[in-house]
Participant: 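Take this structure, written in structure tokens, and hold onto it; I'll ask about it next.
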Amino acid sequence: MVETGLPAGWEVRHSNSKNLPYYFNPMTKESRWEPPADTDTDMLKVYMANYHSGPTSRADGAGQGEGKIRCSHLLVKHRESRRPSSWREADITRSKEEAIEILRGHEARIQSGEVSLGDLAMSESDCSSARKRGDLGFFGRGEMQKEFEDAAFALQPGQVSGIVDTASGVHLIERIQ
């Protein structure tokens, strides 16, 4: 049996609608996007890297609908985020101001060309899309939180946003297509 790092009774499943892994407990029927409390996050990172990463879209662009764009993002959550936990940290206690400062540091490294948003997202993003270099795939209007959507649709392909504040936390967004 492969060790996932999840507490007893929990397993990793894949959401076909969101094309993302999620966590499910068949005994309690509970499902969640973030790992449950008491997860060994280091072990989970290794498991996810080995079994739940890889190409997220087809090279021929299939899946792109009319009026849809494709973005990656780097999310830093804080204690006021709607779900203050992530695959990186079970209980996020930093303030919003601290999250913004962390993101400013990431933004400076991206702008200097030291690192790409995708590379940084893999280790630093609090979103489960981190294992896909922050890639959220294609989405249209009405599919994301308004602040995120407005910022994403204002970008040209290749552009990275400034800091965007949503109920999920603070983001940097890169438009891919």
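Residue numbers run from 1 in the order of the sequence given. As the structure is a prediction and not an experimental result, all values here were calculated from the model.
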Participant: Taking Arg133 for the side chain and Ser116 for the main chain, is one N or O donor matched with an acceptor at less than 3.5 Å?
Facilitator: no
Participant: For the OG atom of Ser95 and the CD1 atom of Ile100, what is their distance to the nearest 0.5 Å?
Facilitator: 8.5 Å
Participant: With sequence neighbours excluded, what pairs up with Glu98 under the salt bridge (charged side-chain N to carboxylate O under 4.0 Å, His left out) test?
Facilitator: none
Participant: Check whether Glu174 reaches the backbone of His73 with its side chain - one donor and one acceptor, N or O, closer than 3.5 Å.
Facilitator: no
Participant: Residues in side-chain contact (heavy atoms from CB on, under 4.5 Å) with Ser168, at least two apart?
Facilitator: Leu75, Arg82, Gln145, Thr166, His171
Participant: Are Val115 and Leu117 connected, step by step, through hydrophobic side chains (Ile, Leu, Val, Met, Phe, Trp, Tyr) whose heavy atoms are closer than 4.5 Å?
Facilitator: yes
Participant: Between Thr4 and Leu6, is there a donor-acceptor pair closer than 3.5 Å when you use the side chain of the first and the backbone of the second?
Facilitator: yes
Participant: Which of parallel (below 30°), tilted (30 to 60°) and perpendicular (above 60°) describes Phe139 and Phe148?
Facilitator: tilted
Participant: Measure from the side-chain N and O atoms of Glu143 to the backbone N and O of Gly140, and report whether any donor-acceptor pair falls under 3.5 Å.
Facilitator: yes
Participant: Rounded to the nearest 0.5 Å, what separates atom CD in Glu3 from atom CG in Leu44?
Facilitator: 11.0 Å
Participant: Does any part of the side chain of Tyr23, heavy atoms only, come nearer than 4.5 Å to the side chain of Pro36, both counted from C-beta?
Facilitator: yes
Participant: Phe153 ring centre to Arg141 NZ or CZ under 6.0 Å, with the angle to the axis within 45°?
Facilitator: yes
Participant: What heavy-atom pair brings Gly9 and Pro26 nearest, and what distance separates the two atoms?
Facilitator: O-CD, 3.2 Å
Participant: For Asp135 and Arg70, run side chain to side chain contact (heavy atoms under 4.5 Å, CB included): C-alpha distance rounded to whole Å, both residues' side-chain angles, the deciding distance at 0.1 Å, then the answer.
Facilitator: CA-CA 8 Å; Asp135 189 346; Arg70 182 175 174 196; 2.4 Å; yes
Participant: Within the distance-only criterion (no hydrogens, no angle test), does the side chain of Lys45 pair as donor or acceptor with the backbone N or O of Asp42 below 3.5 angstrom?
Facilitator: no
Participant: For Trp10 and Glu30, run side chain to side chain contact (heavy atoms under 4.5 Å, CB included): C-alpha distance rounded to whole Å, both residues' side-chain angles, the deciding distance at 0.1 Å, then the answer.
Facilitator: CA-CA 9 Å; Trp10 285 89; Glu30 182 183 354; 3.6 Å; yes
Participant: Arg88 side chain to Glu124 main-chain N or O, any donor-acceptor pair under 3.5 Å?
Facilitator: yes
Participant: Test your reading of the model: is there a side-chain donor-acceptor pair from Arg94 to the backbone of Lys77, 3.5 Å cut-off?
Facilitator: yes
Participant: Does anything in residues 96-122 pair up under ring pair (Phe, Tyr, Trp, His ring centres under 6.0 Å), and if so which pairs, sequence neighbours excluded?
Facilitator: none
Participant: Just do the salt bridge (Lys or Arg N to Asp or Glu O under 4.0 Å) check on Asp165 and Lys96 with the steps written out, would you?
Facilitator: CA-CA 10 Å; Asp165 186 8; Lys96 185 176 185 176; 2.5 Å; yes
Participant: Heavy-atom count around Asp38 CG within 6.0 Å, excluding the residue itself: above 12?
Facilitator: no
Participant: List the steps, then state whether side chain to side chain contact (heavy atoms under 4.5 Å, CB included) holds for Ser86 with Ile92.
Facilitator: CA-CA 8 Å; Ser86 77; Ile92 296 173; 4.1 Å; yes
Participant: In Å, rounded to the nearest 0.5 Å, how long is the span from CD1 of Ile110 to CG of Leu172?
Facilitator: 5.0 Å
Participant: Please tabulate, for the side chains in residues 156-164, all donor-acceptor contacts under 3.5 angstrom to protein atoms that are two or more places apart in sequence or on a different chain.
Facilitator:
residue : atom : partner : partner atom : Å
Gln159  : OE1  : Gln156  : N            : 2.6
Ser161  : OG   : Ile173  : N            : 2.9

Participant: Using side-chain contact (heavy atoms from CB on, under 4.5 Å) as the criterion, list what pairs up with Ala130, not counting sequence neighbours.
Facilitator: Trp87, Ser125
Participant: Kindly indicate whether the side chain of Val12, heavy atoms from C-beta on, has any atom under 4.5 Å from the side chain of Met48.
Facilitator: yes
Participant: Got a sec, which pairs hit salt bridge (Lys or Arg N to Asp or Glu O under 4.0 Å) with one end in residues 99-109, sequence neighbours left out?
Facilitator: Glu101-Arg104, Arg109-Glu114
Participant: For Ser81 and Pro84, indicate whether the former's side chain and the latter's backbone hold a donor-acceptor pair under 3.5 Å.
Facilitator: no
Participant: Taking atom CD1 of Ile102 and atom NE2 of His78, what is their separation to the nearest 0.5 Å?
Facilitator: 10.5 Å
Participant: Just verifying a value: how many Å separate Asp126 CG and Leu74 CG, rounded to the nearest 0.5 Å?
Facilitator: 8.5 Å
Participant: Measure the CZ-NZ distance between Phe24 and Lys29 for me, rounded to the nearest 0.5 Å.
Facilitator: 5.5 Å
Participant: Arg83 side chain to Ser85 main-chain N or O, any donor-acceptor pair under 3.5 Å?
Facilitator: no
